[in-house]
Amino acid sequence: MDFVVPLKDVSVPEKKQAKFECTITKDVSKVMWYKGDDIVTPDQKYDIIDDGKKHMLIINCCEFDDEDEYTIAVLGKLSTARLTVEGIRLKFISPIKDQTVKEGKTARFELELSHENIPVTWYKNDVKIHPSRTVVTHVDGKKHVLEIKEVTLDDTCQIKAEAKGIPSMANLTVIEGDAYFTVKLQDYTAVEKDEVVLDCELSKDVDVMWYHNEAEIKPSKMVAIKAEGKRRTLIIKKVADKDKGQYLCDCGTDKTTAMLHIEARHIKVVRPMYGAEVFDGETARFEVELSEDDVHGQWKLNGEVLSPSADVEIVEDGAKHTLVLYNCKVPQTGELAFTAANAKCSANLKVKELPVSFITPLADVHVYEKDEARFELEISREPKSFRWLKGSQELSNDDKFELLVEGKRHTLIVKPARYEDEAKYMFEAEDKRTSGKLIIKGIRLEFIKPIKDVTVKERETAEFSIELSHEKIPVVWYKNDIRLHPSKVVHMSEVGKVHTLAFKEVTIDDTSMIKVEAMGKTSEAMLTVLEGDLYFTVKLQNYTAVEKDEIILACELSKAKDEVKWFKDGNEIFPSKNILIQSDGKKRMLVIKKAAKSNIGAYTCDCGTDKTTADLNIEGNTCGELAPPPDPDQDCRIRPCPPSNHRNLASLRPSLLCPVLSF
C-alpha cells in the first residue's frame, strides 16, 4: 500500500473551511488522523470522510489555534501536511483593567491593540454600550478608550471590550462618594398665609440640617421637615412676614440656599405672555407683566424649573418679567409656565426644525482635461436625506466619483475629468436642490523642459531647446523681445514636443535675452557670447586692376587691437616706397600705389588665428578702349582707368562712345 496522492499543505482565511485529502492504492475502511500528536475524531470541528481509496479531513471555521501539522496514518504509512490560517493575528497589547471610582466621578477604561483600524465593541454586563451624554468612546490609532461620566453605585458592573471576537474584561466598582445636592433649592415668592414648600434632592440618603437666617430650624406645628428617599422637604404652613429670608439645607459635605419672599399683596397677571414659534437655533422671548413690582417669579418649561445659564436669561424689571431662551432646540417644544406668588400664566413654545438652505450653493467648475474636478457646497444643517446626481443618474462612491461629507460641507470629486464627464451636476437635500455645470477646457500646456541659459564663444553655434507637454503646438522665438524669423544664421526646428532654435556664427553683439512663447506661456534664458579667437569678419576680395592704378586690398577683423602680417605668394610683405600697410580700427589695408605686372599674385592677411586670401590680377593700360557688352540688352562699358588718364578720352571719336555716356 502506498499514497497515490499524498496530503498537501493548505492555506485558508480565518473562519473558512480547510480540507485535507489524499488517495491511496487500495480500499481501506479505517484510517487515523492526527493534529500534531493528538488524534482527531469527528465532531463539530472536524468531519472525516472515507470513500474507498480517497480519504478527507475537513476542518470547519478555522481559527489561528488550528494551525498545525496534520497527519494521516494508513497501514503503517504516513502522510503529513501543514495548515496555515491567514488573517490579522489580533492581540491586546494592553487589556482593560479593573477600575474603582467614587460616585459622580468618571471611570476610564483604556486598551491598546496590536493593529489599527480594528473596531471595538464595549459591553456592560454583556449588554452592548451605546454613546450618550455620560458614555463616550475615543479611538486614537491602536488605543481605544471608554469613559463613563458621573457614575453612580448602580454603575458597578463588568466591562468587556471585544475586537474581532477577542474579549478583554475588567470590573468597574463604584464606591460611595461624598453626598451632594443633585437638585438645589429655588428662590420662592409667597403670599402671606400661603403654604411654602422648599425641596431639594441629594445624591444619596444622608441626614441634613435646615437653617433660616443662620438659625437652625426645628420641626413645629407650623414647620414640617420631611425626608423621602433622597428628597428633602421643608414645609412652612401659613407663612408670615417673619418667615422671609434665606433658607439653607446642609448635608455636611454640600449646601444649598434659597430666598423666601413674602408678599402681603394679591398679585395678578396684568399682561400675560403669548406663545412663540421659532426655528431651531433661534431665540424665543416671553414677557409677563404683574400687577405689583418687586415680586419674584419662577419659570418652568415642561415642568422643569429654569435657571439663568448661557442659553437662559431671566430678567425682573419692576412688574415686567422677561424670559429669553437662546439657541432653542426642537425637544424644548412644550408648555412654558410662569408663577409669582398666587399669579400664574402659561403659553406654548414650538421649536421647528430649520428648513434646509444652501449657505454656499454649487457653482460651475472649469477644469482642464484629466485634472480633478471638485464641486463643493455648504448647507445650513445636516439634512435627513441627500444625494448627488449627474443629470438624472444618482451617484455613489466609486473609482470615478468620490463623495465627501465634513459636517455641513459636502464635496463631489470627479477624477480624472474627461470630456464625457461634461454635464449638469446636482445636489438634492430634502426638498432643496442646487446645481452646477462641469466644463472641460482643452490643452493645459506645460513646459516639460524650459530653455536654459547658453554661453558660447564667437563664431560658435548657440542652441536653445524646449520640450512641451503636447505635440503640434506653434511656438514663437524672440531675441530681446523682437520676434525671430528663420535666416541664414537663424535656424528653427520642431521634432514632436521638442522645439529648437540655433544661432550660427554668433558674435559678441548676439548676447541677448532669448524668449520662447507657446499658447501664452513663456520661458526665458540668456544667450552670452564670450570673446573668442581673432577672425576676419570681412575677408579679402579678388581684384583686377590696370597698370599704374592705386590698389587697396582691405579686410576687417573681429577686434581692433591685434596685429596682422601680409604675404604675397607665401612671402611676407613689408612696407616700402610703393607699398603701405595701414590699420583703421578693425580694418586692415594693403595699399599698392602704382600697380605693375610684378604685383600679380595671391595676397594673404594672417592674424595668427585666421587667414584671408585674394588674387590680384594686373591688366595692361588700355584706358579709353571700348569694351563691347556681352549681351545686346546691356549698356556698353568702358574699362576703368586712373583719373590722370581721363584726358585721353578726348581724342576718342564720339561715334565710338555709348550714347548714354557723357563727360
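- Each of L484, V476, T500 was scored for a side chain to side chain contact (heavy atoms under 4.5 Å, CB included) with M492, with one residue passing: L484.
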Side chain to side chain contact (heavy atoms under 4.5 Å, CB included) evaluation trace for K479 with I514
CA-CA 5 Å; K479 176 181 178 183; I514 303 300; 4.0 Å; yes

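- Shown here is K164, whose NZ atom has no more than 12 heavy atoms of other residues, nucleotides or ligands within 6.0 Å.
- Minimum heavy-atom separation, E517 to Y478: OE1-OH, 3.7 Å.
- With hydrogens and angles ignored, the 3.5 Å screen pairs a side-chain donor or acceptor of D610 with a backbone N or O of F536.
- Taking the side chain as every heavy atom from C-beta outward, I592 and Y603 approach each other to under 4.5 Å.
- Looking at D606 and E572, their side chains never come closer than 4.5 Å, going by heavy atoms from C-beta outward.
- The structure places CG of D140 at 8.5 Å from CD of E116, a figure rounded to the nearest 0.5 Å.
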Do E460 and V454 pass the side chain to side chain contact (heavy atoms under 4.5 Å, CB included) test, and can you show the C-alpha distance, the side-chain angles, and the key distance before you say yes or no?
CA-CA 12 Å; E460 291 181 350; V454 173; over 6 Å; no

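- Using a 30° and 60° split on the angle between ring planes, F427 and F358 fall in the perpendicular class, above 60°.
- In this structure, T23 contributes its side chain and V5 its backbone to no donor-acceptor pair below 3.5 Å.
- You'll find the side chain of K19 stays beyond 4.5 Å of the side chain of V10, heavy atoms only.
- With a 4.5 Å cut-off on side-chain heavy atoms, E402 and N397 count as touching.
- For the pair H485/V490, no side-chain contact is recorded, criterion being any heavy-atom separation below 4.5 Å from C-beta on.
- Remark: T461 OG1 to K504 NZ distance equals 6.0 Å, nearest 0.5 Å.
- In this structure, S79 contributes its side chain and L7 its backbone to a donor-acceptor pair below 3.5 Å.
- Between R108 atom CZ and E147 atom CD the span is 5.0 Å, to the nearest 0.5 Å.
- For K400, the NZ atom counts as densely surrounded, since its 6.0 Å shell holds more than 12 non-hydrogen atoms of other residues, nucleotides or ligands.
- Considering only heavy atoms from C-beta on, E86 comes within 4.5 Å of P13 through its side chain.
- Across all their heavy atoms, W566 and M589 have their closest contact at CZ2-C, 3.7 Å.
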Does the pair K539 and E556 meet the rule for a salt bridge (charged side-chain N to carboxylate O under 4.0 Å, His left out), with working shown?
CA-CA 7 Å; K539 297 181 179 289; E556 191 170 322; over 6 Å; no

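- Note: K521 NZ to I473 CD1 = 12.0 Å, rounded to the nearest 0.5 Å.
- Between T613 and L540 there is no side-chain heavy-atom pair separated by less than 4.5 Å.
- No side-chain N or O of T360 forms a donor-acceptor pair with one of E376 less than 3.5 Å apart.
- In this structure, K452 places its NZ atom where only 12 or fewer heavy-atom neighbours from other residues, nucleotides or ligands lie under 6.0 Å away.
- The backbone N or O of N60 lies less than 3.5 Å from a partner atom in the side chain of K45, making a donor-acceptor pair.
- Panel note: side chain D615, backbone N542; no donor-acceptor pair is recorded below 3.5 Å.
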Output, in order, the C-alpha distance, side-chain angles, deciding distance and verdict of side chain to side chain contact (heavy atoms under 4.5 Å, CB included) for I551 and N599.
CA-CA 10 Å; I551 299 169; N599 297 127; 5.5 Å; no

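- V475 and A518 get closest at one heavy-atom pair: CG1-CB, 3.8 Å.
- Here the CG atom belonging to L377 is positioned 5.0 Å from the CG atom belonging to L362, to the nearest 0.5 angstrom.
- At distances below 3.5 Å, at least one donor-acceptor pair connects side-chain atoms of K408 with backbone N or O atoms of S380.
- In terms of heavy-atom proximity, Q541 sits nearest to L553 at O-CD2, 4.5 Å.
- Under a 3.5 Å cut-off, the side chain of E21 and the backbone N or O of M56 do not form any donor-acceptor pair.
- Although no hydrogens or angles enter the test, the distance criterion places a donor-acceptor pair under 3.5 Å between the side chain of T511 and the main chain of V529.
- Listed for the S558 side chain is a donor-acceptor partner under 3.5 Å among the backbone atoms of Y535.
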For the pair K143 and E112, evaluate salt bridge (charged side-chain N to carboxylate O under 4.0 Å, His left out) and give the outcome as yes or no after the intermediate values.
CA-CA 4 Å; K143 290 185 178 180; E112 184 177 359; 5.2 Å; no

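- For E378, the CD atom is densely surrounded, since the number of other residues' heavy atoms within 6.0 Å is greater than 12.
- A 4.5 Å side-chain heavy-atom check between L468 and F447 finds at least one atom pair inside the cut-off.
- The line from NZ of K432 to CD1 of I379 is 9.5 Å long, rounded to the nearest 0.5 Å.
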Please determine whether side chain to side chain contact (heavy atoms under 4.5 Å, CB included) holds for the pair R418 and I440, giving the CA-CA distance in whole Å, both sets of side-chain angles, and the decisive distance to 0.1 Å.
CA-CA 7 Å; R418 302 185 183 278; I440 308 298; over 6 Å; no

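- Across all their heavy atoms, A81 and F20 have their closest contact at CB-CE2, 3.7 Å.
- No option in R387, R381, K384 other than R381 meets the salt bridge (Lys or Arg N to Asp or Glu O under 4.0 Å) test with E430.
- Atom NZ of K329 sits in a crowded spot, with more than 12 heavy atoms from other residues, nucleotides or ligands closer than 6.0 Å.
- Counted within 6.0 Å of CD on E382, heavy atoms from surrounding residues, nucleotides or ligands total 12 or fewer; the atom is thus considered open.
- In terms of modelled atom types and a separation under 3.5 Å, the side chain of T612 and the main chain of C605 share no donor-acceptor contact.
- Remark: K128 NZ is loosely packed, at most 12 non-hydrogen atoms of other residues, nucleotides or ligands lying under 6.0 Å away.
- Scanning both residues, F92 and L111, for their nearest heavy atoms gives CE2-CD2, 3.8 Å.
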